[in-house]
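These notes concern the structure reproduced below.
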Number of protein chains: 2
Amino acid sequence: MDREQNGRNLTQQLVHTLGAAIASGRYKVGEGLPSEAHLCEEFGISRSATREAIKMLTAKGLISSRPRQGIRVQPRETWNMFDPDVLGWILRGQPTLEMLKEFLQLRVAIEQEAAALAAEDQDRPKIAAIGAALRRMKDAEEGLGDSVDADIAFHISILKATNNPFYMQLSSFIETALRVSIRFTNRIKGVETASYKNHKRLYDAIDQGNVRAARKASDTMQIEALELIKSELANKVA
Amino acid sequence: MDREQNGRNLTQQLVHTLGAAIASGRYKVGEGLPSEAHLCEEFGISRSATREAIKMLTAKGLISSRPRQGIRVQPRETWNMFDPDVLGWILRGQPTLEMLKEFLQLRVAIEQEAAALAAEDQDRPKIAAIGAALRRMKDAEEGLGDSVDADIAFHISILKATNNPFYMQLSSFIETALRVSIRFTNRIKGVETASYKNHKRLYDAIDQGNVRAARKASDTMQIEALELIKSELANKVA
DNA sequence: GAGTGAATATTCATATGATAAATCTACACA
DNA sequence: TGTGTAGATTTATCATATGAATATTCACTC
């Protein structure tokens, strides 16, 4: 194993190496990974480090480990899909259009309601943070700063403005999903899709506490992207 | 530590003991847990077992561990709230009304869209499974079987009918949230709140592929509960 | 006195070897 | 054919030693 990989320690490195391998399907569900002893040899590290990596992957639901049975890949239903690492491993591979659609179907649900909650909650400092993110998007349109980062920051700031820890916790999920989606849609359309106008409409609705308008603005933004992907999917099949 | 705790091995036991302690707030965020060596002594187990438990909790985002700094409780934002274990530890404690409200706010988003997706997708076998769960609810009303279990099975079957792995993965989240919520609302109202009629309306909408009606039926079911909790919250404050 | 940097001590990280526990497999036996 | 037992394999746990990282302290310089 490449011991220079980032600043991570051995255990972390192995976790990411194996996690990515499992997510990519290199090890099939149900089948076994190499045994503990075999992994040590393969990566040239001690049993402690290996076992700790195995335990971390177990905690994320990717594998199980029992005496005499060995280490097995668990069915995907038990994977902690909302764990940022797991999500990253899945997406880092080859995100299929199908997968992108599934992401967006969840984003539609989450972000729409988040916008509504933010509008309802009226936490002024946090709404100000949304405004700041909006300005960053405008700046980005004029070449100042990265537009993808600004776009993501905007969406995250809305989640934070819900003051609901569950929505806040979805930040990393949304961030990952969004980054992949944006890259993908930009590739399809050949242009940047982030539209300042749509985002401003959403911000204004939240700022004014207009729950219904906030929900609608969020919905509008996402349905576009979802339709795009669905039509791409249809093309692929045809 | 009680070595007879379930069939779990030492590491698992320690994970659950510490996880529950952290979630309950026994160890404050930012502050340190006892050091590795101290934990070994306290629970009478070896360093390997202790370290593996620490790694599992790290993987779930509850703690961090660095040389010379020790083991620290991470801020709640980094906890994997959607990990069934973490969620269980949080709820097993004393779920506050506030927390219940937050759950429900997420359920509203998820289940509403899930119902819409199920109606749109029209996966007949899975819709049949929703019908079966509905019948179990009816039976439960007549004293055959547990009504809470039947209620939960109904909601889970809708998630499965979306054919979207992200929604499916939320099953355990919804199950936990639902079980706690039902117990709570029943206590408040002094009666069973599961209403067969509402659930049937939702099933019919999905069965007929009526996306709009499905969304609305799901929404109606949950807004009721949310309003109940909100008014309880208002009472408490007053 | 303030700031800088080296020495120190503490704590986690890794390695290794030994033993225990779990459980699958196969074989002998009824 | 079914059942129980012995053996083999693999993870689980323990114990101990050494390495690496870093917060703290304190002496030193300006």
Side-chain angles (χ1 to χ4, degrees), chain A residues 1-19 22 27-28 30-74 78 85, chain B residues 1-19 21-22 27-74 78 85:
Chain A
M1 180 161 37
D2 178 10
R3 296 210 173 203
E4 305 310 315
Q5 197 177 5
N6 299 318
R8 290 199 276 252
N9 59 30
L10 289 181
T11 300
Q12 299 291 333
Q13 286 174 42
L14 186 54
V15 165
H16 281 268
T17 303
L18 289 180
I22 292 169
Y27 299 108
K28 297 278 174 292
E31 278 185 24
L33 267 68
S35 76
E36 188 177 299
H38 201 283
L39 284 172
C40 294
E41 209 180 327
E42 183 173 345
F43 293 99
I45 61 179
S46 74
R47 296 221 333 274
S48 318
T50 305
R51 283 186 59 78
E52 282 163 22
I54 295 301
K55 288 296 179 186
M56 293 188 80
L57 290 171
T58 303
K60 291 175 187 299
L62 265 66
I63 58 180
S64 75
S65 149
R66 286 171 57 196
R68 177 69 227 220
Q69 180 199 68
I71 303 161
R72 287 193 184 161
V73 177
Q74 291 285 99
T78 73
D85 288 332
Chain B
M1 183 162 34
D2 178 11
R3 296 209 174 203
E4 306 309 316
Q5 196 177 6
N6 299 317
R8 289 199 277 252
N9 58 30
L10 289 182
T11 300
Q12 300 290 334
Q13 287 174 43
L14 185 55
V15 166
H16 282 267
T17 303
L18 289 180
I22 292 169
Y27 300 107
K28 297 279 175 291
V29 169
E31 278 185 26
L33 267 68
S35 75
E36 190 177 297
H38 201 283
L39 284 172
C40 294
E41 209 180 327
E42 183 173 345
F43 293 99
I45 61 179
S46 75
R47 284 194 49 219
S48 316
T50 304
R51 283 186 57 79
E52 283 163 20
I54 295 301
K55 288 296 177 186
M56 293 188 79
L57 290 171
T58 303
K60 291 176 187 297
L62 265 65
I63 58 180
S64 74
S65 148
R66 283 172 58 197
R68 176 70 226 219
Q69 180 198 69
I71 303 161
R72 287 195 184 161
V73 177
Q74 292 285 98
T78 72
D85 287 333

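In the text below, chain A, chain B and the rest are named by the order of the sequence lines, each starting its count at 1.
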Interatomic distance where [atom1] belongs to [X] and [atom2] belongs to [N] [whole Å]:
| X | N | atom1 | atom2 | value |
| --- | --- | --- | --- | --- |
| B/Glu41 | D/dC14 | CD | C1' | 16 Å |
| B/Phe43 | D/dC14 | CZ | P | 13 Å |
| B/Gln12 | D/dA12 | CD | C1' | 11 Å |
| B/Leu14 | D/dA12 | CG | C1' | 14 Å |
| A/His38 | D/dT9 | NE2 | C1' | 15 Å |
| B/Arg51 | C/dA15 | CZ | P | 11 Å |
| B/Ile45 | D/dA15 | CD1 | C1' | 14 Å |
| A/Leu10 | D/dG19 | CG | P | 15 Å |

All salt bridge (Lys or Arg N to Asp or Glu O under 4.0 Å) counterparts of A/Lys60, not counting sequence neighbours |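 Here the qualifying residues are A/Asp83, A/Asp85.
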Looking at residues at least two apart in the chain, or sitting in another chain, which of them share a salt bridge (Lys or Arg N to Asp or Glu O under 4.0 Å) with B/Arg47?
->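 B/Arg47 satisfies salt bridge (Lys or Arg N to Asp or Glu O under 4.0 Å) with B/Glu36 only.
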Report the nucleotide, chosen from [options], that has the shortest atom-to-atom distance to any side-chain atom of [X].
| X | options | result |
| --- | --- | --- |
| A/Ser35 | D/dT10, C/dA15, C/dA13 | D/dT10 |
| A/Glu36 | D/dT11, D/dC14, C/dC12 | D/dT11 |
| A/Ser46 | D/dT13, C/dT16, D/dA12 | C/dT16 |

Nearest 0.5 angstrom please: [X] [atom1] to [Y] [atom2], how far?
| X | Y | atom1 | atom2 | result |
| --- | --- | --- | --- | --- |
| B/Cys40 | B/Arg51 | SG | CZ | 9.5 Å |
| A/Ile71 | A/Gln69 | CD1 | CD | 10.5 Å |
| B/Leu18 | B/Ile54 | CG | CD1 | 6.0 Å |
| A/Lys55 | B/Lys55 | NZ | NZ | 14.0 Å |
| B/Leu10 | B/Leu14 | CG | CG | 8.5 Å |

Report, one pair per line, the protein and nucleotides 22-24 of chain D atoms (nitrogen or oxygen only) whose separation is under 3.5 Å.
{"unit_1": "D/dA23", "atom_1": "OP1", "unit_2": "B/Arg66", "atom_2": "NH2", "d": "3.3"}
{"unit_1": "D/dA23", "atom_1": "N3", "unit_2": "B/Arg68", "atom_2": "NH1", "d": "3.4"}

Which parts of residues 52-63 of chain A get close to DNA chain C, meaning a heavy atom less than 4.0 angstrom away?
->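 None - not one residue of the stretch has a heavy atom sitting under 4.0 Å from the strand.
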Do any side-chain nitrogens or oxygens of B/Ser48 fall under 4.0 Å of OP1 or OP2 in D/dA15?
->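 False: B/Ser48 side-chain N/O out of range (4.0 Å or more) of D/dA15 OP1/OP2.
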Phosphate OP1/OP2 of D/dT16: any B/Arg47 side-chain N/O under 4.0 Å |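 So the side-chain polar atoms of B/Arg47 never come under 4.0 Å of the phosphate oxygens OP1 or OP2 of D/dT16.
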B/Ser64: what forms a side-chain hydrogen bond (donor to acceptor under 3.5 Å, both in side chains) with it, not counting sequence neighbours?
->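 Here the qualifying residues are B/Gln74.
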Minimum heavy-atom distance A/Leu33-A/Ile22, with the two atoms named =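 Closest pair (atom of A/Leu33, atom of A/Ile22, distance): CD2-CD1, 4.3 Å.
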Check whether any side-chain heavy atom of A/Gln12 sits under 4.5 Å from a side-chain heavy atom of A/Met56, and report yes or no.
->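 In short, these two side chains touch, coming nearer than 4.5 Å.
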Please round to 10 degrees the angle between the axis of the first five pairs and the axis of the last five pairs in the helix from C/dG1-D/dC30 to C/dA30-D/dT1.
->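 Comparing the first five pairs with the last five, the axes sit 10° apart.
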Partners of A/Glu41 by side chain to side chain contact (heavy atoms under 4.5 Å, CB included), sequence neighbours excluded?
->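 Residues passing side chain to side chain contact (heavy atoms under 4.5 Å, CB included) with A/Glu41: none at all.
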For A/Pro34, enumerate each residue passing the side chain to side chain contact (heavy atoms under 4.5 Å, CB included) test, keeping only those at least two apart in sequence or located in another chain.
->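 So A/Pro34 forms a side chain to side chain contact (heavy atoms under 4.5 Å, CB included) with A/Tyr27, A/His38, A/Leu39, A/Glu42.
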